Amino acid sequence: MSAVVARAPGRVNLIGDHTDYTGGWVLPMAIDRWTTVEGSPGGDRVHLGSRQLPGTVDLPLAVVDPRSATPSWGRYVAGVIEQVRPQVGFRGWVASDVPLGSGLSSSAALEVAVALALGDPGPPLELAQRCRTAEHRATGVPCGIMDQLVIAAAVEGCALLIDCRSLDVVPVGFPPDAEVVVVHIAPRTLDGSEYATRVDDCRRAEEIIGPLRDASPGDVEQIIDTVIRARAEHVVGENRRVLETVAALQAGDLATAGRLMVESHASLRDLFATSTPAMDAAVARLCAQPGVYGARMTGGGFGGCVVALCQPGALAEGFVVRPVGAASISPSGADTPARPG
Ligand code: GLA
């Protein structure tokens, strides 16, 4: 029997995309799809097989260059080893029902599950920060903190409002009379996408008008470069929409929450250019269904998934996701997994 079972959920972002890396607001929720790392500490190497993916990861504790690890999913494991610095190795298996390359944070779920299995002491924010750095080191993609932090700090039954500047998190109860449905559109990876270009566009906007988190629509109008202005306009509007969505969910006003999701999609499509024609078509199709409050692309974009907010049972396509609690680790067979930290 395995000595350790570490389990980390995927996540879907309800609203607030491409706002985390400028210290903005996001509203993701951890979902009932998990990556599990099961095995036993020991030895001086990390040796992991995968129930889904080909190849075996076999790495020393002194990782030199995470990006060169093989097979390709081993890069994330290597990045985590480098950050967690375990004193002993680990031998076991990875299994996951988080769809890979879907924009549902399969890589962040792998990072957090591996970190816990290797003995990361937490607390959740530090666990998330180590895993975010691991992702940077593994892929070179300059991702924000949203994915790792919601996976490390989620609360059952809630979405998580994250202030990506202070890194404070506030659970937002999810209305029981609403359902979240995810529809997978096309596989994608942020590695090799224009994600890093968007991060750079936002940095350039901040060089002109200061932190986007504090900028007003009037500040944005001062930006002369039309592309940089459009990126900034998205971020400033999206931060406002996140806070309005939280207020709408707390008031049980699902129609307003849905309308804000549709506005968010239009902004990501027209101003931030991270949507695709297939995602636009899916959002339009879903929004035309009775009982659907709204839909939008979710996550980094350039493919991946769209998310819809709807009445229970309204959609025949996609899959329903439920808000679950944070990643956890337990000795195998224990009833109650422990939270990190
Ligand atoms: C990816 C990144 C996140 C965030 C989203 C877009 O999921 O990992 O940090 O930037 O894209 O909101």
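Each ligand, and each atom within it, is numbered from 1 in the order the structure gives. Please read these numbers as outputs of a predicted model, since none were measured by experiment.
- Of all the heavy atoms of Asp147, the ones lying under 4.0 Å from any atom of ligand 1 belong exclusively to the side chain.
- Here Glu238 pairs with Arg241 in a salt bridge; the nearest charged N to carboxylate O distance falls below 4.0 Å.
- Polar contact check, Asp20 against ligand 1: a nitrogen or oxygen pair lies under 3.5 Å apart.
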Could you tabulate the donor-acceptor pairs under 3.5 Å formed by side-chain atoms of residues 92-101, not counting sequence neighbours?
from: Ser96; atom 1: OG; to: Thr35; atom 2: OG1; distance (Å): 2.7
from: Ser96; atom 1: OG; to: Val98; atom 2: N; distance (Å): 3.1
from: Asp97; atom 1: OD1; to: Trp34; atom 2: N; distance (Å): 2.7

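- Residues passing the side chain to side chain donor-acceptor pair (under 3.5 Å) test with Thr19: none are found, sequence neighbours excluded.
- Residue-ligand proximity, Met146 to ligand 1, at heavy-atom distances under 4.0 Å covers atoms 4 (C), 5 (C), 12 (O).
- Enclosure of atom CG in Asp44 is not indicated, since only 12 or fewer non-hydrogen atoms of other residues, nucleotides or ligands lie within 6.0 angstrom.
- The distance from ligand 1 to the heavy atoms of Asp17 drops below 4.0 Å at these ligand atoms: 6 (C), 12 (O).
- Residue contact annotation: Glu238 has no non-hydrogen atom under 4.0 Å from ligand 1.
- Distances between N or O atoms of Tyr195 and those of ligand 1 include at least one value under 3.5 Å.
- For the pair Arg33 and Phe319, the cation sits on the ring face: its NZ or CZ lies under 6.0 Å from the ring centre, inside 45° of the axis.
- Counting the atoms of ligand 1 from 1 in the order shown, those under 4.0 Å from a heavy atom of Cys143 are 2 (C), 8 (O), 9 (O).
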